[in-house]
There are 2 protein chains.
Amino acid sequence: MQKENYHHGTLKEEMIQKGLILINNEGIKGFSLRKVAAMCGVSHTAPYKHFKNKEELMEAISNRVLKSFSECLMKAVETAKNEQTGMADVGKAYVKFMLDNKEYFRFIFFSECKVNVKLKANDFIYKPGNPFEVFCSGATAYLEHFIKDKTEINCIILSMWSIVHGISTLVIHETFEYEGDYEELVERMLRVQPR
Amino acid sequence: MQKENYHHGTLKEEMIQKGLILINNEGIKGFSLRKVAAMCGVSHTAPYKHFKNKEELMEAISNRVLKSFSECLMKAVETAKNEQTGMADVGKAYVKFMLDNKEYFRFIFFSECKVNVKLKANDFIYKPGNPFEVFCSGATAYLEHFIKDKTEINCIILSMWSIVHGISTLVIHETFEYEGDYEELVERMLRVQPR
DNA sequence: CAACTATGTTGACATTGTAAACATTAGCAG
DNA sequence: CTGCTAATGTTTACAATGTCAACATAGTTG
């Protein structure tokens, strides 16, 4: 009986799963490698066979969330493309996803969690597949129909990205609160833009 | 000789001072209550006579930074008022201050540090003296010259705030990078707005 | 089957936050 | 000045945590 338990089999994956649960239940400050290991029914050093250190576990968890985020945004971009609703709906999806997953994004953005993503303006280079890339490239494709100047497009995109990211961040950090429908608010905030 | 040292005298203030230094030198993950106490030449539990716990120390440090931030923005608002340059300069000051103090804002926004500030939209209630209040009320005063509708003003302000806060946050978190002058970029980002 | 590698466990250690019990000093009442 | 009391520090102790080293077990492969 013990023989079957000695080797867990899918510990790496379960660490990520249980890590997500722990974050949801106890927030950032309740998160610890040892707790997650215990949730997997494994000794507190077993995870080190799969993750170099705590930070690498956090990064894996973060990537899992960002992957869902990407998929969510991709769907929104597709819908917007088909139904000609413009980028506002994608922006709304961006904010909604972050606010629906506050605890996860506190973890990703408000902790020492490394996010393996970096966008550069100017040439707008990004690692494909991450949510920010999805948002920005979706917006680029949309704006190209209306605007020629590449620099202006980038500027507008950056503006939109900052708006949706900024408002989400402020709300999640509890620096700002709106007593009403955030989607409607975002809609209006983005509409203030020329496009 | 020991008699002079037993009572520190201004420990509370020095904890804040040395805390700021430690954050600058070692970042969030290098920050600990015990280290700050050591820097003050005091036992590791002495701070508990002045702060309920670590979080309260962090809050005090955060408030110190936010006070400087407020003062900086107040100056910018004053200048904008006198020289009729509009809110773009205040926005640039906002971003510049955050990027000039990356380590502090990582501490404030990307750690378990409680920021004792909460703005509410709708009625736009804020605790006076905090930087966000300075920015928003400065913007309100400015916009009232051009726009009547209170709701629209609030929407534009929130947009501007999100833009400057969002871009700063993204850069500090190293999710986004711009190889050029951020002030010029912010100028353009805000100018995309109707006003 | 034997040896190797991947995966877990035990035990140890340093760092940290925090609480309790005790020490020193400052300030004030008499 | 004396002595009490509150404010401020220190020592000691403990639990939680990340991490390392040494060892154990189990698949895998020649």
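Below, all heavy atoms of this structure are taken into account, side chains as well, without hydrogens, waters or symmetry copies. Chain naming here is simple, since letters A, B, ... match the order of the sequence lines and numbering starts at 1 in each.
Listed by first and then second residue, the salt bridge (charged side-chain N to carboxylate O under 4.0 Å, His left out) pairs that reach into residues 160-169 of chain B come to none, sequence neighbours excluded. Identified under the salt bridge (charged side-chain N to carboxylate O under 4.0 Å, His left out) test for residues 10-22 of chain A, with sequence neighbours left out: A:E13-A:R64, A:E14-A:K18.
Atom CG of A:L57 and atom P of D:dT17 are 14 Å apart (whole Å). Atom NZ in B:K29 sits roughly 15 Å away from atom C1' in D:dT19 (whole-Å rounding). Atom CD of B:E56 and atom P of C:dT18 are 11 Å apart (whole Å). Atom C1' of nucleotide D:dG9 and atom NZ of B:K12 are separated by 16 Å, given to the nearest angstrom. Distance, A:M15 CE to C:dG8 C1': 13 Å, rounded to whole Å. Atom-to-atom, NZ of B:K54 to C1' of D:dT17 comes out at 12 Å; the value is rounded to the nearest Å. As a whole-Å value, the separation of B:R34 CZ from C:dA19 C1' is 12 Å. Put simply, CG on B:L11 is 16 Å from P on C:dT25, counting in whole angstrom units.
Contact check of residues 40-53 of chain A against DNA chain D (heavy atom, cut-off under 4.0 Å) returns A:H44, A:T45, A:Y48, A:N53.
No salt bridge links B:E71 with B:K75; every basic N to acidic carboxylate O contact stays at or beyond 4.0 Å.
Side-chain atoms of B:K35 come within 3.5 Å of backbone atoms of B:G30 as a donor-acceptor pair (strictly under, hydrogens ignored). At least one donor-acceptor pair under 3.5 Å links the side chain of A:S159 to the backbone N or O of B:M189.
When side chains are defined from C-beta on, A:M160 counts as touching A:F135, because their heavy atoms get closer than 4.5 Å.
Phosphate contact (OP1/OP2 of C:dT16, side-chain N/O of B:K35, threshold under 4.0 Å): present.
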